[in-house]
Engineer: 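Structure in structure tokens, see below.
Just so we're clear, the structure is a prediction, and the values are computed from it rather than from any experiment. Throughout, a chain's letter reflects where its sequence line sits, starting with A, and its residues are numbered from 1.
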Amino acid sequence: MLDRRFVADNIDLITENCRIRGASVDVTKFAELDILRRQLQLDIDRLNQEAGQVSKSIGKVPPDEREPLKAEGRRLREEASKLQSRQAEVIEESDRILRSIPNLTHPDAPHGGEADATEVRRGVSSVPDFPFTPKDHVELGETLKLFDFEAGSRVAGHGFYFLTNDGVLLELALQKYAVDLLMQEGFTVMTTPDVARDSILEGTGFMPRGPETQIYSISNSDLSLVATAEITLGGAMHEKIFNINELPLKLCGISHCFRTEAGAHGRATRGLYRVHQFTKVEMFAFTAPDQSDAMHQQLLDLECKIFDGLGIPYRVVDTATGDLGGPAYRKYDLEAWMPGRGEAGEWGEVTSTSNCTEYQARRLGIRFRKPSEKGTQFVHTLNGTAVAISRAIVAILENYQQADGSVKVPDALVSWIGKTVLTV
RNA sequence: GGACGGGUGGCAGAGCGGUUGAAUGCACCGGUCUUGAAAACCGGCAGACGUGAAAGCGUCUCGUGGGUUCAAAUCCCACCCCGUCCGCCA
């Protein structure tokens with residue numbers, strides 16, 4: 001969420017920003033409502049002031065002279081409370097608009113939609129050139145008995161799966177690999193709740209309920225299953241006021257991630273690529289405003305380091321404005337080469353890192369204080385995928401496959417898996 | 001799940017219907033003193049919103065939401081959270 005005052009004072013800027021992001025928001029309506037809100041505030045303040053003076057005078061007056069003053073006080077309070085409920089309606093309506101306004105946008109982010117992302121970097125591993133027709137991960141994994149989609153369907157429906165045998169070892173190895181690396185990089189590692197209050201989801205920029213939601217919510221409660229540990233890691237510092245010297249703070253969280261993927265049917269849904277549940281190791285950072293650009297680069301570098309270390313070819317794209325989502329100020333995606341996708345291989349998103357500036361921090365109330373200065377400022381929050389297990393498995397299987405259908409184990413994972421090749 | 005106790009400023013902790021947005025201590029900031037530091041002393045120190053060029057002024061906020069009252073941190077109700085004990089349990 002942006003600052004309401006800032007929006008009200010910069011209607012043109014906000015309107016243009018909504019345009020390049022493809023967000024249809026009635027900014028003008030917001031401005032009108034905010035003027036009304038301020039006018040009502042003025043009236044309410046005046047009435048409260050008068051009522052307060054009456055109340056104070058009552059205590060100083062003999063009891064038999066109090067009745068007329070009480071009546072006057074009652075009248076003023078009633079009038080104020082009428083205006084207050086009108087103002088509450090105005091605030092609710094304008095807040096609804098305000099919440100739907102996306103974050104500001106980094107000036108260097110490319111304009112346009114999904115296809116307009118610009119490639120900014122390549123990984124060190126080159127795209128494999130197989131002397132045979134590569135299989136996709138579903139075929140490889142079924143042969144090697146790494147997962148079981150049929151059992152997943154029976155238990156929980158389409159989009160759920162069991163990891164089995166070496167598939168389990170792959171998941172554990174990837175987690176351990178990522179966690180070890182991030183601990184060395186100064187991250188505080190944690191496993192997080194897989195559920196969170198709706199208010200925390202909303203603060204992070206997710207919409208837990210409603211027709212468009214991608215979130216599973218738990219009935220008879222205000223809890224939802226998390227779509228990413230970004231939600232819990234950000235929420236962990238709800239209402240926190242940091243001292244400046246505690247920043248930047250780098251957290252790493254492991255959680256399960258649950259996504260309904262409503263409306264995503266038929267779109268590259270085969271196998272592990274798009275599923276309703278997966279495990280993810282997530283990075284999260286809280287920084288002072290002047291640190292967030294550098295931290296964003298740092299998170300990107302770490303994502304690259306992780307995938308370079310796994311020997312997976314990838315490219316990095318700078319996401320275009322229309323594809324950023326609400327909270328992100330700027331976003332980079334790592335797209336791994338997936339030889340089994342499409343006709344002859346395609347790039348597929350494996351990680352994503354966003355600088356959300358103060359968009360999430362404002363709603364979550366996460367601030368910092370400088371000892372030498374009065375007041376507080378909102379921190380900047382950033383997130384980045386370390387490893388989304390299911391997609392990493394897709395990339396590993398398809399890039400490390402061999403002519404006989406076996407799959408080499410990336411060197412970085414051999415010690416955790418205990419073998420160098422996955423075979424039948 | 002049951003029974004108590006509690007949630008007040010950055011922290012600790014008073015206040016329990018009427019100039020209390022809130023005593024006091026610690027921390028922090030500025031100053032005096034000092035060669036410097038410490039100590040001592042003096043002063044400052046919550047946030048949001050509104051208004052104003054600014055100084056300032058006003059309103060709201062004592063876990064959250066409702067209620068009682070002319071007036072609530074203080075009384076009532078619900079919920080959330082934190083302790084302690086009991087029960088249950090991986």
Side-chain angles (χ1 to χ4, degrees), chain A residues 1-10 30-95 97-99 191-203 208 217-224 232 235-247 249 256 286 288 358-359 361-379:
Chain A
M1 188 171 65
L2 295 175
D3 178 53
R4 68 180 311 130
R5 193 59 191 252
F6 179 81
V7 174
D9 291 344
N10 295 278
F30 173 83
E32 287 166 14
L33 288 168
D34 200 57
I35 288 167
L36 182 55
R37 177 191 132 257
R38 286 190 217 181
Q39 182 53 52
L40 286 166
Q41 185 70 50
L42 233 48
D43 297 340
I44 291 165
D45 285 356
R46 184 177 45 76
L47 286 167
N48 277 337
Q49 186 185 3
E50 286 175 32
Q53 281 164 357
V54 170
S55 288
K56 277 178 188 168
S57 70
I58 288 177
K60 297 173 188 158
V61 145
D64 56 316
E65 291 173 27
R66 288 181 180 178
E67 275 315 313
L69 287 170
K70 284 191 186 183
E72 175 65 0
R74 198 159 29 226
R75 189 187 67 75
L76 289 166
R77 299 277 178 196
E78 274 169 17
E79 204 176 323
S81 114
K82 261 187 234 161
L83 291 185
Q84 213 143 24
S85 47
R86 258 193 65 202
Q87 194 198 33
E89 288 168 22
V90 170
I91 289 175
E92 199 191 318
E93 197 181 344
S94 62
D95 262 3
I97 299 173
L98 183 62
R99 281 197 297 271
T191 61
T192 88
D194 286 341
V195 300
R197 291 179 204 290
D198 289 345
S199 61
I200 299 293
L201 286 265
E202 285 159 8
S217 54
I218 299 174
S219 57
N220 302 317
S221 80
D222 65 343
L223 296 171
S224 295
T232 44
M237 298 299 156
H238 181 53
E239 294 292 322
K240 165 90 176 172
I241 300 174
F242 290 99
N243 189 300
I244 181 74
N245 61 30
E246 297 174 272
L247 302 175
L249 176 65
H256 293 115
F286 303 88
E358 53 178 62
Y359 194 86
R362 175 170 289 105
R363 272 213 52 210
L364 291 170
I366 307 175
R367 290 165 289 178
F368 73 95
R369 186 193 310 280
K370 290 184 184 173
S372 54
E373 287 177 19
K374 246 176 88 73
T376 56
Q377 294 180 61
F378 291 110
V379 302

Engineer: A:L42 near the nucleic acid: base, sugar-phosphate alone, or nothing, with a heavy-atom cut-off under 4.0 Å?
Structural biologist: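 The answer is sugar-phosphate, as A:L42 gets under 4.0 Å only of primed atoms, P, OP1 or OP2.
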
Engineer: B:A12 and B:G63: how far apart are their P atoms, nearest whole angstrom?
Structural biologist: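 To the nearest whole Å, 14 Å.
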
Engineer: Counting side-chain heavy atoms from C-beta on, which of B:C60, B:C49, B:U51 comes nearest to A:R38?
Structural biologist: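 Nucleotide nearest to A:R38's side chain: B:U51.
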
Engineer: Minimum heavy-atom separation for A:R99 to A:Y359, with atom names?
Structural biologist: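 Taking A:R99 first and A:Y359 second, the nearest heavy atoms are O-OH, 3.6 Å.
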
Engineer: For the pair made of CD in A:Q84 and C1' in B:U61, what is the distance, rounded to whole Å?
Structural biologist: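 The answer, rounded to whole Å, is 12 Å.
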
Engineer: Kindly compute the distance separating CD (A:E79) from CZ (A:R74), expressed to the nearest 0.5 Å.
Structural biologist: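 A:E79 CD to A:R74 CZ: 14.5 Å, rounded to 0.5 Å.
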
Engineer: Rounded to the nearest angstrom, tell me the gap between atom CD1 in A:I200 and atom P in B:C81.
Structural biologist: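 It is 12 Å, rounded to the nearest whole Å.
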
Engineer: Between atom NZ in A:K56 and atom C1' in B:G17, what is the gap in whole Å?
Structural biologist: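 Distance, rounded to whole Å: 15 Å.
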
Engineer: Taking for each residue the nucleotide of RNA chain B bearing the nearest heavy atom, is the 5' side occupied by A:Q87 or by A:E50?
Structural biologist: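 It is A:Q87, whose closest nucleotide lies nearer the 5' terminus.
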
Engineer: Looking across every strand, which nucleic acid part, if any, lies under 4.0 Å from A:R197 by heavy atom: base, sugar-phosphate, or nothing?
Structural biologist: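 It contacts sugar-phosphate atoms only.
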
Engineer: Pairing donors with acceptors under 3.5 angstrom, does anything connect the side chains of A:D45 and A:Q41?
Structural biologist: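 Judged by distance alone, the side chains do pair up.
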
Engineer: Round to the nearest Å and state the distance from A:E67 atom CD to B:A71 atom C1'.
Structural biologist: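 Taking CD of A:E67 and C1' of B:A71, I get 14 Å after rounding.
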
Engineer: Could you give the distance separating B:G44 and B:U34 at their P atoms, to the nearest angstrom?
Structural biologist: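 Here B:U34 and B:G44 have their P atoms 24 Å from each other.
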
Engineer: Taking the P atom of each, how far is B:U74 from B:G9, in whole Å?
Structural biologist: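 Each nucleotide's P atom is 15 Å from the other's.
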
Engineer: Rounding to an integer number of angstrom, what distance separates B:A27 and B:G10 when you compare their C1' atoms?
Structural biologist: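 Between the two C1' atoms, the distance is 8 Å.
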
Engineer: If you measure from the C1' atom in B:G52 to the same atom in B:G58, how many Å do you get, rounded?
Structural biologist: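 Rounded to whole Å, the distance is 11 Å.
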
Engineer: Compare every heavy atom of A:F378 with every heavy atom of A:E358, then report the nearest pair and how far apart it is.
Structural biologist: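 What the structure gives for the nearest pair is CB-CB, 3.9 Å.
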
Engineer: If you take all heavy atoms of A:V195 and A:T232, which pair is closest and at what distance?
Structural biologist: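 Result for this residue pair: O-CG2, 4.2 Å.
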
Engineer: Determine whether a donor-acceptor pair (N or O, by modelled atom type, separation under 3.5 Å) exists between the side chain of A:Q377 and the backbone of A:F368.
Structural biologist: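 Looks like no, no N/O pair under 3.5 Å.
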
Engineer: A:Q41 has an atom CD; how far is it from atom P of B:U61, in whole Å?
Structural biologist: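 So the two atoms are 12 Å apart, to the nearest Å.
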
Engineer: Taking A:M1's backbone N and O only, do any of them form a donor-acceptor pair with A:R363's side chain (distance below 3.5 Å, no angle check)?
Structural biologist: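 It does not hold such a pair.
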
Engineer: Rounded to the nearest 0.5 Å, what's the gap from NZ on A:K240 to CZ on A:R367? Could you check?
Structural biologist: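 A:K240 NZ to A:R367 CZ: 12.0 Å, rounded to 0.5 Å.
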
Engineer: Is the phosphate of B:G50, meaning OP1 or OP2, less than 4.0 Å from a side-chain N or O of A:R46?
Structural biologist: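 A:R46 to B:G50 OP1/OP2: no side-chain N or O under 4.0 Å.
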
Engineer: Between A:R5 and B:U51, is there a side-chain N or O to OP1/OP2 distance below 4.0 Å?
Structural biologist: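 Answer yes for this pair, as a side-chain N or O of A:R5 is under 4.0 Å from OP1 or OP2.
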
Engineer: For B:A78 and B:G87, measure between their P atoms and round to the nearest Å.
Structural biologist: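 Those two atoms are separated by 27 Å.
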
Engineer: Could you give the CG-to-P distance, from A:D222 to B:C81, as a whole number of Å?
Structural biologist: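 My rounded result for the distance is 9 Å.
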
Engineer: Toward the 5' end of RNA chain B, which comes first, A:R74 or A:R367, by nearest nucleotide?
Structural biologist: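 Comparing both residues, the 5'-ward one is A:R367.
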
Engineer: Just call it for A:R77: base, sugar-phosphate, or nothing, with non-hydrogen atoms closer than 4.0 Å on any strand.
Structural biologist: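 Counting heavy atoms under 4.0 Å across all strands, the contact made by A:R77 is with sugar-phosphate only.
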
Engineer: CG of A:D9 versus P of B:U51: gap in Å, rounded?
Structural biologist: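 Atom-to-atom, A:D9 to B:U51, this comes out as 10 Å.
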
Engineer: Calculate the interatomic distance between A:I91 atom CD1 and B:U59 atom P; express it in whole Å.
Structural biologist: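 A:I91 atom CD1 is separated from B:U59 atom P by 18 Å.
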
Engineer: Quick one: which of B:G47, B:G18, B:G50 gets closest to the side chain of A:I58?
Structural biologist: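 Between B:G47, B:G18, B:G50, the one nearest the side chain of A:I58 would be B:G18.
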
Engineer: Distance check, P atoms only: B:A48 and B:A39, in whole angstrom units.
Structural biologist: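 It works out to 32 Å between them.
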
Engineer: Is it true that, when you exclude A:R4 itself, more than 12 heavy atoms of the residues, nucleotides or ligands shown sit nearer than 6.0 Å to its CZ?
Structural biologist: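 Yes, because the 6.0 Å sphere around CZ of A:R4 holds more than 12 heavy atoms from other groups.
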
Engineer: Which stems does RNA chain B form, counting runs of 3 or more consecutive Watson-Crick or G-U wobble pairs with both distances under 3.5 Å?
Structural biologist: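 Stems found: B:1-7 with B:80-86, B:10-12 with B:24-26, B:28-32 with B:40-44, B:46-51 with B:56-61, B:63-67 with B:75-79.
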
Engineer: Suppose you measure atom C1' in B:G21 against the same atom in B:A14; what distance do you get, rounded to whole Å?
Structural biologist: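 Pairwise C1' distance, B:G21 against B:A14, rounds to 15 Å.
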
